[in-house]
Amino acid sequence: MRRYHSHLGRDIVVTGGSARDLQPGQFGVLAIDGGAGGWSVVHKGPGGDVVDLNNEMHFELPEDALAFAKELIDMMEAP
């Protein structure tokens, strides 16, 4: 899987478990325990605060987490 994705002009970064490297405004798909614990979707806000967007629900596959991030972006862009 590629590490960098873009959807509707929003950046999504697949990373090994830390949101530290995300830039403000980016979404992240984070591996939990190297992926063994699942995958989480986060967003880093303009002030540097990171918010877990899937509320304790973890995805089994990174592709599922990426699809969820894209759905969230679709909802944000909806009129």
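Residue numbers count from 1 along this sequence.
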Check: Minimum heavy-atom separation for Ala69 to Ile12, with atom names?
Finding: CB-CD1, 4.2 Å
Check: What residues, two or more places apart in sequence or in another chain, satisfy side chain to side chain donor-acceptor pair (under 3.5 Å) together with Asp74?
Finding: His7
Check: Just how far is it from atom CD of Glu71 to atom CG of Leu66, taken to the nearest 0.5 Å?
Finding: 10.5 Å
Check: Pairs in or reaching into residues 38-69: which pass ring pair (Phe, Tyr, Trp, His ring centres under 6.0 Å), with residues at least two apart or in two chains?
Finding: Phe27-His43, Phe59-Phe68
Check: Closest approach of Pro24 and Gly45, non-hydrogen atoms and distance?
Finding: CB-O, 3.5 Å
Margin query: Connecting only ILVMFWY residues whose side-chain heavy atoms lie within less than 4.5 Å of each other, what is the rest of Tyr4's hydrophobic cluster?
Written below: Val13, Leu22, Leu30, Val42, Val50
Note to self: Can you tell me how far apart NE2 (His5) and CD1 (Ile73) are? Round to the nearest 0.5 Å.
What the structure shows: 11.0 Å
Next item on the list: Run the numbers on Asp11 and Gln23 for side-chain contact (heavy atoms from CB on, under 4.5 Å), then give the verdict.
Entry: CA-CA 9 Å; Asp11 293 332; Gln23 298 299 313; over 6 Å; no
Check: If you look at every heavy atom in Pro62 and Val29, which pair is closest and at what distance?
Finding: O-CG1, 4.2 Å
